[in-house]
Amino acid sequence: MADKVKTAFLLAGGCAGCEMSVVDLSEGLVDALDALEIVFWAPTVADVKYKDLEDMPDKFIDLAFVDGMIRNSENLHTVQVLRRKSKILVAFGACATLGGIAALGDLHTKEELFSQAYKTSFSTDNPDGVFPTPEVLLDGKYNLTIPTFLDQCSTIDQVVEVEYYVGGCPPHPAFVGKLVGAILSGNLPPAGSWLTGGKAVCDICKRNPALTGQERLPVGEIKRTIDGRPDFDKCLLQQGYMCFGPVTQGDCGASCLNVNIPCRGCGGPIPGIKDFGARCVSTLASSMANDAVAEQFIEKYNNMAKMFYRYSHTASKLNHKIAGMKEK
Amino acid sequence: MSYNPNIVGFACQWCTYAGADLAGNLRAKYPPSIKLIKVPCSGRVEPEYVMEAFAQGADGVLIGGCHFGDCHYKTGNHKTSQRMKIFAKMLADTGFDAKRFRLEWISGAEGYRFAEVVEEFTKELQELGPNPLKGGTGHGR
Amino acid sequence: MGIFEALKKKFGFGLEPSVPVLTARSSTMKKIEINPITRLEGHGKIAIFLDDDGNVDDAFFQTVEFRGFEKFLQGMPMEEVPRTVSTVCGVCRGVHFTAAMKASDGVFGVTPPPAGRKLRELFFNAHYVEDHSVILYALGLPDFVVGPESNPAERNVVGLINAVGADVGREVLRRRGLAVKIFELLGGKPNHPVAAIPGGWSKQLNEEERRQIEEWSKELVGLGELTLKVFADVVLKNDKYMELVTGDMYRVEVGYMGSVDAQDRITYYDGTQKVIDSQGAVIGTFQGKEYLDFISERVQPWTYLKFPYQKKIGDWKGMVEGPGTNIYCVGPLARMNVVKGMDTPLAQQHFEQFHATFGARPVHNILAYHWARAIELLNAAEKCLQLSRDPEITSKDTWNKPTTCTGEGVGIIEAPRGTLIHHYLTDGKGMVTDANLIVATTHNNAPINLAVKKAAKHFIKNGNVAQGMLNYVEMAFRPYDLCLACATHTLTNGQSPLAVDIFDSSGNVYKTLKNF
């Protein structure tokens, strides 16, 4: 019997939802464990600590997954250690590959984020203006440290070499199951690739007008989801509800469309796109009938950066640089 | 303090690029700040290219296309207009100065106009100063 | 680059400190750090300080992460917030979504029709089943099934599956997976759902889907009963474990807060918040924005997590337990203490057995959290079954369209981990202008510190810091079912005033570096 694949999961700055996708394999997880040996899964599942990871020999781990982006000094350090100890590193999920939703924090200055949390939020009672501090000597005898918050987020590949990318917020468990199968059978594309079925959400979506031989018509009026109830059978973009389906990878099976809600791009960009948010602007704008519709869109949805860079702010080279330069 | 702004210009081959050629024939003067990239239509310009230009340190980016009604591909410039309207707002929302980005309709007969636009844009960029991202501090590989 | 430049680059210029800067120097106290704490959601560590005899002088539970949602949500349309704020946490995969969804009703001045509300409740109860299952089987029970002092490499869900056998493991995971299927069918995705609209729910059920959910729910009730049986067999019948459950080392005497319905019974999606003190006396009840009259949050420099306290009892007095304390906790144990009963028959029987076992109320034994959690799992499964049989659940009338914008909304729910409060302000078009989130695990910050301190003092003696002893300390936080991504959604500057003294070998300061 072949040796089990030594597998590791590390939560960096994310929400652990991607790890839950692995748990959501449900009974399939028990089968997967026949072939995978979990040697590290921190902090969520296993009691192997950071020091134990540092003590492992280099390249001890066959396959490592990181979910979450790099947000603080601890994330940065543990990801660098994990890289040394692993043969293959997978950036797993929207945060690790593109920055994720929480990276929208980089659109604000740290002063703003900080004040909101520790000064001005409605229920905060902070008369001495105390702020969390990287190193504190409490009562003159207790030396307490916490990680430093970095100036800006980074994706995993902005700090270490990454072999594979998986999109999704989180990746759908059915897709994770396929991935596990592909990995165990050695059926993988060249290093540096996204692991994906290769189809856009529109390709998968049952509402695609092309399925019934219809032509796509320009959008004449922009709607927010509070403006009306879309037809369950028709393309949402066609009906004026802004859907990112045309440019998003569809490994999710077009999930959101099943409940009549537009796609917002969590699956990551289809191949060939360098800046996801910018390409999204391009495609959605092209679908509009005229300038007035474009203006209506801006008026209704307001902050365009938070709309289009929802998941991918950090991966955009320009955004990443701007975040690095902004006022502290 | 003045500097020489570096403008990346995407010029549609049917109109703006011809206009730039005409400016040359007319000996119309304009600063050597703009580097032109010829595209078949302004509608070919992806917002991504503009993002890339700024990320690499361009001080300004100009897109030049045909007037409405003149587009060789009929609706290409309409698409450009819609796209860049939203894109300019997005650029501003990301914290970058959207004044560094311009969309102009310049026909093949408007040689002097092309020169004026470049002259004016260069002056404005001199006032705005160089791209703050030159030599930025992001994590890099 | 000089040292000062390097420090400046790393830490930045700090905000002007309004408290004296604390100088970091090597302390004479021996410090043990459990880093990271494991089998929870999120990033944290425990710092234990030993005196010269190797006994515990003090211990601190530190939360080390944060991200900043309350700020960057500003500028977004309110109806986009639920699916956005859901990414605060992927283990608590439906709670921020639900609280924000309720708040969005308030912002747009609209109430869902009955079918819309019932779909939301069905979805939410399915989430309770899958979430409590993960916490029990993957995070909490391994300590009991595999053993508190066992090999760390086995003391996890894989070890638990090996201990109970692959068939049982598969069956438990399969049934839990059905709860996720219900969640996905209703919410759109198996995690970070999207079907919320202010005024209702975007998905309508047809009869085939309803029947499917009903069948699945029956299996979930079975899962609830199985889980309680596992707990009884593994914990309640084990004398050594019961010593831990009823012992003083895992007992923290604080107040409690939870939701009740009109009959003072448990309810998760929508109720009235009830607060009791550490002796069981009712301090008050509130709904919506009234939370501001009850809860305030303090800040400490050594953790990113704030410390809520009940200000009606008095001003902040520090982290203390016992009569008169204004520290309180939330979650399954708190709910068992606050409610008069369950709203489903099978869970009610277990509720009665629970209280009969402990006798006095409130119950302060924190390991009882796990038992309470299992009872809630059953209760939520029974509710899924009830709701799936409700004739209105397949109605097409699931949404009331908003016609106005009030500019403010508060959504309070009982998340599996405890009371969750989302409060939003918007402009006239419904774009968010301000946000405040108070999250379950945040309420529990001080009690967790008290629990960790107590356990550390009890288990670590004479310098024995074997991994098993350290695990007993971690077992003090696990019952609270931490979600630190939730608790620290907030973002701080991270730029903090820092002064470093460098000592020579004689102990004299030879250089001081500051970044301010």
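In this text, all values refer to a predicted model and were calculated from it rather than measured experimentally.
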So which part of C/Glu474 gets closer than 4.5 Å to some heavy atom of chain A, the side chain, the backbone, both or neither? side chain
C/Ile34 portion near chain A, given a 4.5 angstrom heavy-atom threshold: side chain
Shortest non-hydrogen separation from A/Lys49 to C/Asn35 and the atoms involved: CB-O, 3.7 Å
Under a 4.5 Å heavy-atom cut-off, does chain A meet the side chain of C/Ile161, its backbone, both or neither? side chain
Is C/Arg93 in contact with chain A via its backbone, its side chain, both, or neither, using a 4.5 Å heavy-atom distance? side chain
C/Asp57 with A/Lys141: basic N within carboxylate O range, under 4.0 Å: yes
Less than 4.5 Å to any heavy atom of chain A: does that hold for the side chain of C/Leu425, its backbone, both, or neither? side chain
Contacts of C/Glu171 that satisfy salt bridge (charged side-chain N to carboxylate O under 4.0 Å, His left out) - sequence neighbours left out: C/Arg174, C/Arg175
Got more than 12 heavy atoms from elsewhere within 6.0 Å of CG, C/Asp315? no
So for C/Val299, is it side chain, backbone, both, or neither that comes closer than 4.5 Å to the heavy atoms of chain A? both
So which heavy atom on A/Leu144 is nearest to which on C/Ala47, and how close? CD2-CB, 3.6 Å
Pick from A/Leu11, A/Ile146, A/Asn303: which one has the most heavy-atom pairs with chain C under 4.5 Å? A/Ile146
Closest-packed option against chain C by number of heavy-atom pairs under 4.5 Å, given A/Ala103, A/Cys266, A/Ser255: A/Ser255
Could you check whether any side-chain N or O of C/Lys306 sits under 3.5 Å from a backbone N or O of A/Thr124, counting only pairs where one atom can act as donor and the other as acceptor? no
Less than 4.5 Å to any heavy atom of chain A: does that hold for the side chain of C/Lys429, its backbone, both, or neither? both
Is A/Asp24 paired with C/Arg176 through a side-chain N to carboxylate O contact shorter than 4.0 Å? yes
